[in-house]
Peer 1: 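Input: one structure, supplied below.
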Amino acid sequence: MASLPKRIIKETERLVSDPVPGITAQPHEDNLRYFQVTIEGPQQSPYESGVFQLELFLPDDYPMEAPKVRFLTKIYHPNIDRLGRICLDVLKTNWSPALQIRTVLLSVQALLASPNPNDPLANDVAEDWIRNEDAAIAKAREWTQLYAK
Amino acid sequence: MSTYEEEHNTSGNSNSRRDLRAQIRNLYQEDGSSTALLQLLAQLIPESMQEELLNEKEEGCPETFIDSLPRVNKCDLKGADACSICCCGYLDDTHPLVVKLPHCSHRFDLECVAVWLSKSRTCPLCRDDVLSHKPKVDISNVELEEDWGMYG
Ligand SMILES: [Zn+2]
Ligand SMILES: [Zn+2]
């Protein structure tokens, strides 16, 4: 593997020395481009008190290309599908090389705080969400209790 | 890892679209000899789609634009100033080659921003369309002149 760009080393150091509240990101010992991530469910969201596992991978072209991020923990959310893939603009068309691992993870945390069923990735979840928001939120809470420990 | 990659690259469609877009763009950019091809394409592809294919944001800036970006003088750089793409201080380098973008004046190492601008038109920091101040070349009205080419 080619040597790790200075930027990735700096970002990793800062993630450890100055962590984002509610978020952890640990590089894998064998692959410093692969991070194990946890995000705490934001307060007053259906994901509150859950701890969600994610994986984050920095492609060779990073930061010209966005990190690849997905949920490993099962989650009921209109913008996250059952494979854990996330519908988030900064991970796709709105990526910029000035964004960082920490800003991406903050965006994911913000997505948990404000699900957007009008821009869905998981269509069935989004339909439930629009049809009966209370029931969908209850289900999201239930899944959080079941899976996000 | 391969499954992970596969799962993240399920949009084969957008890849082939990108190829098509690149091909069409190349045809448009070639010299006058491709005018016939251009006209053929114009007949095959609806105008709305041609425009979409050509104006897609992910297409980068021309090399000439990148080469002409104004340089920032070393004495205008402060000790803490760092490039937001590589996260390195400009003055870590004894001969920093720093440029600023038109309009927004955001600064980057030329080496860093050149790579980004070769595939995007947006400023990494403010998402300003860096080409927006340039007159747009309107190719939708390109017409085949009667007396062109071999009959000329
Ligand atoms: Zn740089
Ligand atoms: Zn800018």
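By convention in this document, chain letters (A, B, ...) are assigned in the order of the sequence lines, proteins followed by strands, and residues within each chain are numbered from 1.
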Peer 1: Please classify the contact of B:C86 with chain A as side chain, backbone, both or neither, using a heavy-atom distance under 4.5 Å.
Peer 2: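 The backbone, not the side chain.
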Peer 1: A:I8 versus chain B, heavy atoms under 4.5 Å apart: side chain, backbone, both or neither?
Peer 2: neither
Peer 1: Do A:L91 and A:K68 have side chains that get closer than 4.5 Å, going by heavy atoms?
Peer 2: no
Peer 1: Between A:E11 and chain B, with a heavy-atom cut-off of 4.5 Å, which part of the residue counts as in contact: side chain, backbone, both or neither?
Peer 2: neither
Peer 1: In terms of heavy-atom pairs under 4.5 Å with chain B, which of A:P97, A:P59, A:S96 leads?
Peer 2: A:P97
Peer 1: Would you name the heavy atoms of B:P124 and B:I85 that are closest together and state the gap between them?
Peer 2: CG-CD1, 4.0 Å
Peer 1: Please test A:R70 against A:E55 for salt bridge (Lys or Arg N to Asp or Glu O under 4.0 Å), starting from the C-alpha separation and ending with a verdict.
Peer 2: CA-CA 6 Å; A:R70 72 162 182 167; A:E55 59 181 3; 2.8 Å; yes
Peer 1: Does some side-chain heavy atom of A:V69 sit less than 4.5 Å from a side-chain heavy atom of A:I86?
Peer 2: yes
Peer 1: So which of B:S84, B:C83, B:C123, B:C112 has the biggest tally of heavy-atom pairs under 4.5 Å with chain A?
Peer 2: B:S84
Peer 1: Sort A:D61 into side chain, backbone, both or neither according to what part of it lies under 4.5 angstrom from a heavy atom of chain B.
Peer 2: neither
Peer 1: Could you tell me if the side chain of A:N123 sits less than 4.5 Å from the side chain of A:D81, heavy atoms only?
Peer 2: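 A:D81 does not reach A:N123 side chain to side chain.
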